[in-house]
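Side-chain atoms are counted along with the backbone in the values below, which use heavy atoms only and exclude waters and symmetry mates. Order of listing sets the numbers, starting from 1, for every ligand and every atom in it.
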Amino acid sequence: MPVQYLKGVGPARATTFARLGVETAGDLLEYFPRDWLFAPEPVKLNQIQPGDNVTILGLIESTDFNSYIRPPMFEAMIVDNTGICRLVWFHGAYLREKLKPGQALIATGKVTKYKHQLQITNPKFLLIKDEKEKPEQYFSGGVYPATSKLSSGQIKKILRPVLEKVDVLVGEFYEPEFLKELNLISRKDSFRWIHLPPDKESLKKAKRRLKFDEFFLMQLGLALRRYRVRNFTKAAPMRLTEKIDSRIRKRFPFLLTEDQSNVISQITTDMSKSKPMNRLLQGDVGAGKTVVALYAALLAVANKKQVAIMAPTEVLANQHFLSMERYLRNSDVRRTLITGGLTGRKRKTLLNKIKKRQIDILVGTVAILQKDIEFQNLGLIVIDEQHKFGVQQRAGLRSVTGGSLPHCLVMTATPIPRTLAMTAFGDLDVSIIRHLPPDRGKVVTRWVDKADRSKAYEFIRQRLKAKKQAYFVYPRIANIEDKSSVKAATEECKKLKDRVFNEFTVELLHGRMPSARKQQVMTKFRKGKIDILVSTVVIEVGVDVPNATIMIVEEADRFGLAQLHQLRGRIGRGSSKSYCFLFAETESQTAKNRLDIMTRSSDGFEIAEYDLRLRGPGELFSTRQHGLPDLKIANIVNDYDLMVMARKKAFELVEADPMLRKTTHLNIRRALLNKFGDSLGLADIA
Ligand code: ADP
Ligand code: MG
């Protein structure tokens with residue numbers, strides 16, 4: 001029923017409601033309070049004592065706003081027929097327009113004594129606007145997000161008759177046994193109590209039930225999406241024999257770690273099916289994902305299929321190609337790198353070879369996506385995203401093949417906190433490499449301030465003399481205007497070269513250099529012909545030079561935690577000890593926290609959790625940002641355990657009834673389509 005037809009709502013109020021996202025009586029039921037009052041009967045003013053938590057009811061006798069003190073303060077004197085009390089709000093400027101002498105008000109808070117006067121500081125309050133209202137109704141219940149045109153009290157009043165009809169309006173989702181097992185209250189009660197909780201315990205139960213439902217519907221949507229991808233699309237199955245396995249493993253000059261082996265068996269199981277793999281491979285920088293990807297690629301090639309490997313930048317694509325070359329020496333696998341620099345006839349020849357399946361593995365950047373590249377037989381795509389998720393690119397690449405889909409392996413070095421893994425990536429399968437390969441040197445991280453800079457330089461000099469190599473990372477390439485005090489790579493490179501480290505080879509690498517020049521510098525560095533590589537964050541992505549054991553990050557306070565962690569991943573790749581120096585002088589507490597965490601932890605997942613705590617869930621983990629609808633009452637971080645439970649149950653339900661056809665699932669299905677139908681693209685179950 002449209003809200004407009006509810007008592008107390010006409011066209012004008014309906015418009016106001018619409019702005020709050022409330023169009024129907026059902027929406028109104030889901031317009032949850034932002035807070036709840038549990039006040040006892042109001043206490044007479046001559047009865048209150050310092051230290052008491054009380055609710056009082058009285059008239060505003062006078063108000064005053066004092067902006068000369070810090071913080072500015074708003075006060076109101078309240079009287080009833082027995083006494084007087086002072087209410088004080090710090091930063092209360094907004095109350096000047098709201099609280100006026102003569103108004104009746106209810107306030108809750110703790111009584112103190114200040115200069116012989118009883119007072120309540122920062123009380124919660126409600127104005128009693130409608131004289132005919134009985135004040136009791138304000139004593140408890142929800143406080144709603146209000147607007148200037150619609151007060152919390154008015155919303156409450158409009159809601160009341162709707163709440164009385166909850167029995168007819170609200171249908172149950174689950175069987176009684178299910179509710180009992182999960183210790184959930186009925187849906188009817190949850191709506192009743194979220195708006196008018198008889199006590200705190202009931203409110204808690206109501207919240208839990210509503211949060212569960214929200215998670216359940218979201219996870220159900222994800223489960224359905226996954227189910228459809230798995231059951232309504234086809235891919236070429238890849239057979240793995242013992243012979244193929246041992247042939248592939250022989251290519252690696254080391255034993256695979258346990259994590260790598262486990263992940264590989266998950267991947268090969270996926271690929272053995274005639275449904276496309278859709279797997280996300282997570283692993284910290286240097287964890288050894290490339291080897292895993294190459295294994296999958298060689299399996300596809302052994303099955304006479306083509307493979308496309310895509311990296312976000314040319315430097316990284318080149319890097320992938322080179323490290324694969326290391327493993328593929330003397331192999332018959334036909335592989336090639338395609339770069340943006342390849343044009344004209346040469347390019348045409350290559351495209352022709354790809355089309356005729358004379359190329360088995362093609363490595364490149366997004367260039368692979370270009371429409372004129374046609375594969376004869378693409379069986380696997382590997383996307384190394386490092387830490388930028390190109391969902392659209394992913395989609396683009398899939399459409400390249402038409403008909404049956406290639407298996408898809410997405411790799412990322414960004415530890416995805418468990419919360420996001422279960423929502424934004426909730427329909428992918430996830431594999432994790434947690435432990436780095438053995439024989440990795442420790443990475444010592446120090447936060448260095450001005451006073452210790454020369455000491456650090458001296459230390460670095462010693463390491464360089466011992467033939468180790470170093471990265472110097474700056475926040476910028478160059479300062480366009482000299483006004484900026486930010487250290488820029490170009491200028492600092494000159495300084496290092498001419499003065500500080502003039503006995504060593506120092507070279508610059510940055511993103512705006514022509515790509516041929518970039519390759520040249522990287523090759524020299526890889527061969528040990530450059531001692532110090534000065535750069536911006538371009539080296540953030542997949543550079544692998546085990547002999548580089550020193551990293552200096554200038555103005556490290558300007559980098560985010562995730563970024564610092566990625567950067568640091570460039571060192572500690574060989575067996576000797578590595579050193580990361582974070583140069584920073586900062587007054588910012590969050591920057592200090594970040595630097596502190598970096599010196600204490602080297603675990604990407606731990607750092608990601610800290611990052612989440614420092615930044616707060618809002619900014620980083622808005623589900624909407626990832627194409628999922630925002631949740632109204634549940635929170636993926638704080639209510640994680642409940643989400644896990646809901647996810648498990650939702651996936652079970654889809655297993656049992658993939659189209660939600662059973663009559664007992666009717667309410668769930670309707671609610672699901674209502675809430676998530678558009679965003680999760682569930683039109684076909686409608
Ligand atoms: P990632 O792609 O996850 O950042 P890489 O695959 O580039 O990591 O591996 C990092 C380094 O570790 C490479 O030099 C690689 O040769 C080495 N490596 C990978 N797996 C192993 C292993 N099982 N044992 C020893 N070294 C390994
Ligand atoms: Mg890598």
Side-chain angles (χ1 to χ4, degrees), residues 245-246 248-267 279-298 307 309-313 315-329 361 363 365 382-388 409-416 430-443 468-469 471 522 525-528 537-549 551 562-578 602-605 607-608:
D245 177 69
S246 73
I248 297 178
R249 282 180 198 254
K250 271 196 207 120
R251 290 263 148 220
F252 307 127
F254 37 68
L255 285 176
L256 297 180
T257 64
E258 201 181 322
D259 279 2
Q260 281 170 324
S261 288
N262 288 342
V263 166
I264 284 171
S265 86
Q266 290 166 346
I267 289 171
R279 190 168 283 276
L280 180 71
L281 173 58
Q282 287 190 63
D284 225 332
V285 274
K289 298 183 292 296
T290 309
V291 170
V292 171
L294 185 58
Y295 188 107
L298 292 177
V307 178
I309 299 180
M310 233 176 53
T313 64
V315 170
L316 189 59
N318 188 46
Q319 179 83 36
H320 269 307
F321 189 69
L322 288 179
S323 52
M324 275 177 19
E325 282 303 287
R326 260 197 337 244
Y327 303 121
L328 292 180
R329 211 161 284 147
I361 301 180
V363 181
T365 62
V382 176
I383 309 174
D384 188 355
E385 299 195 320
Q386 291 291 325
H387 40 278
K388 292 177 190 71
L409 179 67
V410 182
M411 301 195 288
T412 170
T414 304
I416 297 168
V430 179
S431 294
I432 300 180
I433 302 181
R434 240 170 231 288
H435 305 287
L436 300 183
D439 300 325
R440 287 293 168 85
K442 245 184 82 146
V443 180
K468 296 294 177 197
Q469 292 164 280
Y471 297 103
M522 276 315 303
F525 188 65
R526 205 173 289 124
K527 289 187 178 159
V537 289
V538 277
I539 61 149
E540 204 181 338
V541 281
V543 175
D544 188 7
V545 181
N547 191 49
T549 57
M551 172 170 287
Q563 212 171 16
L564 286 173
H565 180 66
Q566 297 292 340
L567 281 169
R568 186 172 56 180
R570 300 299 120 224
I571 57 172
R573 300 196 146 219
S575 54
S576 48
K577 203 167 171 183
S578 291
S602 56
D603 176 339
F605 286 91
I607 289 173

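- Open room surrounds CD on Glu258; 12 or fewer heavy atoms of other groups in view lie less than 6.0 Å from it.
- Taking a cut-off of under 4.0 Å to the non-hydrogen atoms of Gly288, the atoms of ligand 1 that pass are 1 (P), 3 (O), 5 (P), 6 (O), 8 (O), 9 (O), 19 (C).
- Residue-level proximity to ligand 1 for Gln319 is absent, since no heavy atom of it falls below 4.0 angstrom.
- Every atom of ligand 1 is numbered from 1 in the order shown, and the set under 4.0 Å from a heavy atom of Thr257 is 23 (N).
- Remark: ligand 1 atoms within the under-4.0 Å shell around heavy atoms of Pro437 are 18 (N), 19 (C), 20 (N), 21 (C), 22 (C), 24 (N), 25 (C), 26 (N), 27 (C).
- Close approach of ligand 1 to Tyr327 is summarised as follows: ligand atoms under 4.0 Å from at least one heavy atom of the residue are 15 (C), 16 (O).
- By the criterion of a heavy-atom distance under 4.0 Å, both the backbone and the side chain of Thr290 are placed next to ligand 1.
- Close contacts of ligand 1 with Leu256, meaning ligand atoms under 4.0 Å from a residue heavy atom, involve 23 (N).
- Counting heavy atoms from C-beta outward, Ile309 and Asp384 have side chains that stay 4.5 Å or more apart.
- Between the Arg434 side chain and the Ala287 main chain, no donor and acceptor come within less than 3.5 Å of each other.
- Between Phe525 and Tyr471, the ring centre distance stays below 6.0 Å.
- Residue-level proximity to ligand 1 for Arg573 is carried by the side chain, the only part with a heavy atom below 4.0 angstrom.
- The side-chain heavy atoms of Ile433 and Val292, taken from C-beta on, include a pair separated by under 4.5 Å.
- Considering backbone and side-chain atoms alike, Gly283 places every N or O at 3.5 Å or more from each N or O of ligand 1.
- The closest donor-acceptor contact from the side chain of Lys289 to the backbone of Asp284 lies under 3.5 Å.
- Only backbone heavy atoms of Asp284 (N, CA, C or O) come within less than 4.0 Å of ligand 1; its side chain stays farther off.
- Taking 4.5 Å as the limit, every side-chain heavy atom of Val545 sits out of range of all side-chain heavy atoms of Ile571.
- Residue contacts with ligand 1 include Arg326, since one of its heavy atoms falls under 4.0 Å from the ligand.
- Remark: among candidates Arg440, Gln260, Lys289, the nearest residue to atom 10 (C) of ligand 1 is Arg440, based on non-hydrogen atoms.
- For Ser602 and Lys442, the side-chain atoms include no donor-acceptor pair closer than 3.5 Å.
- Looking at Leu255 next to ligand 1, an N or O pair under 3.5 Å apart turns up.
- Judged by distance alone, the side chain of Ser578 and the main-chain N or O of Val443 form no donor-acceptor pair under 3.5 Å.
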